[in-house]
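Some notes on the structure that comes next.
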Amino acid sequence: MDKELVIVLDFGGQYNQLVARRVRECNVYCEIYSYKTDLDKIKEMNPKGIVLTGGPNSCYEEGAPSYSRELFEMGIPVLGLCYGAQLMMHVLGGTVEKAPVREYGKTDVHVNTSSALFTDVSENTVCWMSHFDYISQAAPGFDICAHTSDCPIAAAENPGKKLYAIQFHPEVLHTKEGTKMLSNFVYHVCHCSGDWRMDSFVEHQIKAIREKVGKGRVLCALSGGVDSSVAAVLLSKAIGDQLTCVFVDQGLLRKNEGDEVEAVFGPEGDYDLNFIRVNAQERFYEKLAGVEEPEAKRKIIGEEFIRVFEQEAKKIGAVDFLVQGTIYPDVVESGLGGESAVIKSHHNVGGLPDYVDFKEIIEPLRDLFKDEVRKVGLELGIPEYLVFRQPFPGPGLGIRIIGEVNAEKVRIVQDADAIYREEIAKAGLDRELNQYFAALTNMRSVGVMGDERTYDYAVALRAVKTIDFMTAESADIPFDVLQTVMTRIINEVKGVNRVFYDLTSKPPGTIEFE
């Protein structure tokens, strides 16, 4: 799309994706690049604005990530955040040094509301600070426009040169009016019009897909998850029956999920997908028999998925294009955007079968964050219960069952999870929680039910609130809701006599159990 662009230059900050997401929430398109990106490439992109992220270094130390002074002399608005603010001051002649008092957490900040950055922001506002160093002297030409009791320069600006530096993190939700500040930057400083909208994205993508595919044939591995579902429907809208979708039900889905996916995307659904459902439950259970180690389970599930997919694809014959539900965080985490370390390599169909004769891969959602994918799903008319379904790991329930996986354990965790999700929805908490599910521990213990001794499994409930899924806090679910869930699971799910609630944050734990 020919759209306005704001770029984020990443200096190793943990919130790089969050900065880009917040800018996009202002309806302005934003991409992440490493601070090592050549200045000529930046000029070629012709961005409306540039945001410099935080980072773990001290800008005055030798070898610390930096950028040339020319970046600040191009006339393009620049907003420095935390490390980015310190770097701007350091490069332009200010002084940055170790702070006498470290600021961390929610902090009261006094701002100058006459600054373009703080238009309509409260004079005293709460912001999220996280820094060891501080700006002790602003660079020549800069005026101080925010301070705290311990930080004399919490923000500085040079409006004439469109340069702004703020010590705190406006991108995190803990900064009460952070979104307003970023909106002020993109609209009042960068003068963006806000042309990044999902309705126009859908319209453009349908046209682009039609032009690329022509009369070719397209194959899509449909998992039933949000990303692959939206990608499949987008392709269906564009090319109709030229698309074939293979849905592999490996027996590790949530309760009734296979039937729900088929009801929406199968022959009786509203989409022209040439839907093929492969019921491969027993095949997967056989492969997983006796396997307890989590990574081994992951590899077996991924490998077997590809083998099933290969067999079905061979029946279809040669295809021209292969669809993947890759989204923007996949690209960034694979090391293709930004400066943060490679978190994981992403292969949305687990690896590409060598025999498939395709011209190229189609990744229609490659530029989108998850919340944008959901908006596209709604634009396409996909039911809300599918669009807003919980994140689900690729190996499915295989990693929500501790130890060996078998049909009996799958039944237990499916039933317990269904009860949990039902009660969370009844309590009106389903949109407040970022991820919640039931897992089956490998622990069995003695219990008493109906005056009889039992020796059954314990189910663990998990619910977290998170901004970016890199860190997470256990959710504070009302005790009466947990009590209801516990009672129902023990009474209705055969084989369970205890229910735990997991209070662990991430770190030190992970969101999933394995």
Side-chain angles (χ1 to χ4, degrees), residues 250-255 257 281 284-301 390-424 429 433-466 469 472-514:
Q250 85 287 53
L252 300 171
L253 301 172
R254 287 165 286 207
K255 188 172 183 177
E257 191 164 31
Q281 293 92 330
F284 277 81
Y285 296 158
E286 286 175 13
K287 289 284 185 180
L288 290 166
V291 180
E292 297 186 359
E293 204 276 320
E295 195 60 25
K297 289 193 290 186
R298 287 177 182 271
K299 288 178 179 177
I300 288 169
I301 294 166
Q390 286 289 297
F392 196 58
L397 299 180
I399 58 169
R400 290 182 181 173
I401 295 172
I402 311 302
E404 182 183 7
V405 175
N406 57 44
E408 176 66 6
K409 287 185 176 180
V410 170
R411 177 196 62 77
I412 290 172
V413 77
Q414 282 180 335
D415 289 347
D417 183 70
I419 290 169
Y420 186 32
R421 287 187 287 125
E422 184 181 322
E423 292 300 330
I424 288 292
L429 300 171
L433 304 176
N434 300 101
Q435 192 161 345
Y436 57 96
F437 57 88
L440 183 63
T441 73
N442 207 25
M443 184 191 105
R444 299 183 78 178
S445 64
V446 174
V448 179
M449 295 178 70
D451 295 326
E452 292 184 2
R453 176 186 183 277
T454 62
Y455 186 64
D456 287 328
Y457 286 107
V459 161
L461 305 177
R462 183 82 162 130
V464 299
K465 288 192 173 183
T466 176
F469 289 87
E473 294 295 331
S474 176
D476 185 9
I477 295 178
F479 191 69
D480 61 327
V481 175
L482 291 175
Q483 283 281 86
T484 301
V485 174
M486 177 272 296
T487 302
R488 285 195 59 194
I489 288 175
I490 289 176
N491 286 337
E492 298 174 32
V493 183
K494 184 180 177 182
V496 178
N497 65 1
R498 287 180 190 265
V499 176
F500 299 139
Y501 185 64
D502 184 358
L503 294 173
T504 316
S505 61
K506 176 186 179 182
T510 57
I511 294 176
E512 294 290 344
F513 272 62
E514 290 191 332

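This chain uses plain numbering: 1 for the first residue, then up along the sequence. Everything numeric in this text was worked out from a predicted model, so none of it was measured. Just the heavy atoms: all of them, side chains too, but no hydrogens, waters or symmetry mates, feed the values below.
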* Which heavy atom of Val405 sits nearest a heavy atom of Gly398, and at what distance? -> CG2-O, 3.9 Å

* Among Val410, Leu252, Asn406, find the residue that satisfies the side chain to side chain contact (heavy atoms under 4.5 Å, CB included) test when tested with Leu288. => Leu252

* For Arg462, does its backbone N or O pair with a side-chain atom of Asp502 as donor and acceptor, under 3.5 Å? -> no

* Of all the heavy-atom pairs spanning Ile419 and Val485, show the shortest one and how long it is. => CG2-O, 4.3 Å

* **Interatomic distance, Leu397 atom CG to Ile412 atom CD1 [nearest 0.5 angstrom]** => 12.0 Å

* To do: Give, for atom CG of Leu253 and atom CD of Gln414, the distance between the pair rounded to the nearest 0.5 Å.
  => 7.5 Å

* Structure fact -> So CD of Glu295 and CD1 of Ile300: to nearest 0.5 Å the spacing works out to 11.0 Å

* Asked: Shortest non-hydrogen contact from Thr441 to Ala458?
  -> OG1-O, 2.7 Å

* How about Asp476: does its CG atom have over 12 heavy atoms from other parts shown lying under 6.0 Å from it? -> no

* Asked: Are the side chain of Glu404 and the backbone of Glu292 linked by a donor-acceptor contact shorter than 3.5 Å?
  -> no

* Side-chain (Lys506) to main-chain (Thr466) donor-acceptor, under 3.5 angstrom -> no

* Asked: Between the side chains of Glu512 and Gln435, does any donor sit under 3.5 Å from an acceptor?
  -> yes

* To do: Would you mind checking if Asp417 and Lys255 are paired as a salt bridge, meaning a charged N to carboxylate O distance below 4.0 Å?
  => no

* Quick one: list whatever passes side chain to side chain contact (heavy atoms under 4.5 Å, CB included) with Ala407, sequence neighbours left out. => Tyr285

* Compare every heavy atom of Ala463 with every heavy atom of Tyr420, then report the nearest pair and how far apart it is. => OH-CB, 3.3 Å

* Passes side chain to side chain contact (heavy atoms under 4.5 Å, CB included), Glu492 versus Asp415? Steps please. -> CA-CA 8 Å; Glu492 298 174 32; Asp415 289 347; over 6 Å; no

* Structure fact -> When every non-hydrogen atom of Val481 is compared with those of Glu423, the smallest separation belongs to CG1-O, 4.4 Å

* Asked: What's the spacing between Ile399 CD1 and Lys297 NZ if we round to 0.5 Å?
  -> 8.5 Å

* To do: List the steps, then state whether side chain to side chain contact (heavy atoms under 4.5 Å, CB included) holds for Asn442 with Lys409.
  => CA-CA 10 Å; Asn442 207 25; Lys409 287 185 176 180; 3.3 Å; yes

* **Close side-chain approach of Arg298 and Pro393, heavy atoms under 4.5 Å** => no

* Asked: At what distance, to the nearest 0.5 angstrom, does CD1 of Ile402 lie from CE of Met443?
  -> 12.5 Å

* Under the salt bridge (charged side-chain N to carboxylate O under 4.0 Å, His left out) test, which residues partner Asp456, sequence neighbours left out? -> none

* **Atom of Ile511, atom of Phe437 and distance for their closest heavy-atom approach** => O-CZ, 3.3 Å

* Spell out, as yes or no, whether a donor-acceptor pair under 3.5 Å connects the side chain of Glu473 to the backbone of Lys465. => no

* Spacing of Ile477 atom CD1 and Leu433 atom CG [to the nearest 0.5 Å] -> 5.5 Å

* Evaluate the side chain to side chain contact (heavy atoms under 4.5 Å, CB included) criterion for residues Leu503 and Tyr501: first the C-alpha distance (whole Å), next the side-chain angles of each, then the deciding distance (0.1 Å), finally the verdict. => CA-CA 6 Å; Leu503 294 173; Tyr501 185 64; 3.7 Å; yes

* Does Val459 reach the side chain of Leu440, with side-chain heavy atoms less than 4.5 Å apart? -> yes

